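The chains referred to below are lettered A, B, ... by the order of the sequence lines, with proteins before strands, and numbering in each begins at 1. Below, all heavy atoms of this structure are taken into account, side chains as well, without hydrogens, waters or symmetry copies. Values in this document were obtained by computation on a predicted structure and should not be read as measured data.
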There are 2 protein chains.
Amino acid sequence: MARILQMPSTPTATTAPQDVLREEAATFDVLRRMREDILCCVLKPDQRLRFGELRQRYDTSVGTLREALSHLVSEGLARTEAGRGFTVASISLADFLDLSELRVWLETRTLADAIRHGTDAWEAEIVGSYFLLNKLGAPRQDDPVGVKREWGKRHKRFHDALVATCTSPWSLHYRSELFDQARRYHWLTMIHARSRRKNEHLDLRDAVLARDSDKACALIESHIRTTVAQAASEVPGLTMDAAPSARRRKA
Amino acid sequence: MARILQMPSTPTATTAPQDVLREEAATFDVLRRMREDILCCVLKPDQRLRFGELRQRYDTSVGTLREALSHLVSEGLARTEAGRGFTVASISLADFLDLSELRVWLETRTLADAIRHGTDAWEAEIVGSYFLLNKLGAPRQDDPVGVKREWGKRHKRFHDALVATCTSPWSLHYRSELFDQARRYHWLTMIHARSRRKNEHLDLRDAVLARDSDKACALIESHIRTTVAQAASEVPGLTMDAAPSARRRKA
DNA sequence: AGTTTCGAAACTTTCGAAACTTTCGAAAAA
DNA sequence: TTTTTCGAAAGTTTCGAAAGTTTCGAAACT
């Protein structure tokens, strides 16, 4: 179970201020970079992940790569077959639908609980992270990749902040994993979508800060569902079938 | 995302009949054995996992162990701190409660969907796996470890069979992970519990085969809740606090 | 022409050792 | 007596190379 956002805790301050970030050093760093690359489709769905190329790209050894890849497999961002190496996980509309249904439940559940246990520090982080998200504005199709990536980061930070005070570690853990899964589809939507959406995050923020649990949950539910619908209609090639991979049998 | 029970599929029969089981060979085998050892508390909660001992126990290299341990961390069965190696995940009543709340929802959700999409092969596997579970009978405190382990296997097989035709891969995946988590607490209950329970699995089986979704869901919900209550009252030392690990600060 | 067999090339998996970090205990200083 | 410092031992992390598979194409055979 990966570390969850560690928000209103006193920093331990043993060696350096950002000591927390050091975690696992090399391996952890490679893992994070690979995850980001899969999420942003730099490594494309169903792409074969050969050790030769990866070693060059991330400047590390086979063993370290294996460990990172192994992690990605458990997270559902990659798959592996015995003796055939690793592959980026497929995407499909069916998967996004399935994913999103679970998300609706987990997001509303964690959000309601977080609101129930909200603190001043929690409110502050929501205000702060919303500010950062809003300052950047929703990225357009023709914005540079760097801007889109930064928006992705801030978007995640805002949504993490909303549920930070939820008291169920398991719910938070799975919520986080599924949020990352959804980010792959969000990325595709950002690339292709033409329609613009109103600023749903502002309403969400205000409902949460007003501790209006029902309204906040309804908003986040429609937030998720709208995104699915948008992806389904505007991302080309996102079909119900999983992959164009060559697993045919002869008739 | 790990492989899910692959039930009504035709065997591919390329080399051997059990070719499917070979998956990942060495690493996968070590992973499975370690997981089983953690689930059955052979490796105890909060126990330090040193490479020296593990290498001897599983007769494998450091690299392979690291990969397996890495997997266990993502599954929440172990934890790791930078530079300080791996540790078996803690247990606590709080964790079991949290876990079980999520399980209630996931089990009922997957079960209802599985019933909706049930096939003949699905019914057959339910009948078969129930037969195996029932033949062994609920293990008593003084049964040998081997019997308890076998019961654990058959118990899991039965519950997997119930939900096998569920159409949501993500729900099935998380259901499976949480079921394994719960197995650690089940094991402790088996060791310590004095009270006997009626055969809840028979009622469950019949309700499912009769396609009575509401009744089946109600049964599985109380099945889970009863187990939690039993563990809370009969397993000594299962407190709300996480671990007796030495993370004290000076006052 | 179509199918099968064989062998080399490419890639994955596994391993043990080298480099580095943490922990623990003994000796020196307060 | 208590605290601090230092160094050795134990343990973890990273790496590159050896061993083992799979894949693909060319030659041999039907």
Next on the checklist: Check this for me: A/Gln56, atom CD, are more than 12 non-hydrogen atoms of other residues, nucleotides or ligands nearer than 6.0 Å?
Outcome noted: no
Checklist entry - What is the distance, rounded to the nearest whole Å, between atom CG of A/Leu31 and atom P of D/dT14? => result 12 Å
Item to check | Nearest-nucleotide 5' precedence on DNA chain D, B/Arg50 against A/Asp59 | outcome: B/Arg50
Checklist entry - Between D/dC15 and A/Thr64, is there an OP1 or OP2 to side-chain N/O distance shorter than 4.0 Å? => result yes
Checklist entry - Under 4.0 Å between a side-chain N or O of A/Arg84 and OP1 or OP2 of D/dT23? => result yes
Item to check | Minimum-distance nucleotide to B/Thr27 side chain [options: C/dT14, D/dT14, C/dC11] | outcome: C/dT14
Checklist entry - Is the B/Phe179 to B/His155 ring centre distance short of 6.0 Å? => result yes
Checklist outcome for this item: Answer for the Watson-Crick or wobble partner of D/dA10, both distances under 3.5 Å, is C/dT21
Checklist entry - Once you round it to whole Å, what is the distance between P of D/dA17 and CZ of A/Arg55? => result 9 Å
Next on the checklist: Below the 4.0 Å mark, does D/dT14 have OP1 or OP2 next to a side-chain nitrogen or oxygen of A/Thr60?
Outcome noted: no
Item to check | Polar side-chain atom of B/Gln47 near backbone of B/Lys44 as donor-acceptor pair, under 3.5 Å | outcome: yes
Next on the checklist: Whole angstroms only, please: what is the CG-P distance between B/Asp29 and C/dT14?
Outcome noted: 10 Å
Checklist entry - Taking CZ from A/Phe51 and P from D/dT21, how many angstroms apart are they, rounded to a whole number? => result 17 Å
Checklist entry - Can you check the A/Phe86 CZ to C/dC11 C1' distance for me, whole Å? => result 13 Å
Checklist outcome for this item: A/Glu67 atom CD is separated from C/dT12 atom P, nearest whole Å, by 18 Å
Next on the checklist: Between B/Asp143 and B/Trp151, is there a side-chain donor-acceptor contact under 3.5 Å, judged purely by atom types and distance?
Outcome noted: no
Item to check | Identified pairing partner of C/dA26, criterion: Watson-Crick or G-U wobble below 3.5 Å | outcome: D/dT5
Next on the checklist: Using whole Å, what does the distance between atom P of nucleotide C/dC11 and atom CD of A/Glu53 come to?
Outcome noted: 8 Å
Checklist entry - Of all heavy-atom pairs between A/His71 and B/Ser70, which one has the smallest distance, and what is that distance? => result CD2-OG, 2.9 Å
Next on the checklist: What is the distance, to the nearest angstrom, from the CD atom on B/Glu81 to the C1' atom on D/dG11?
Outcome noted: 15 Å
Checklist entry - What is the pairing partner of D/dA28, taking Watson-Crick or G-U wobble pairs with both distances under 3.5 Å in any strand? => result C/dT3
Item to check | Shortest side-chain distance from B/Arg48, nucleotide among D/dT12, C/dG16, D/dT14 | outcome: D/dT12
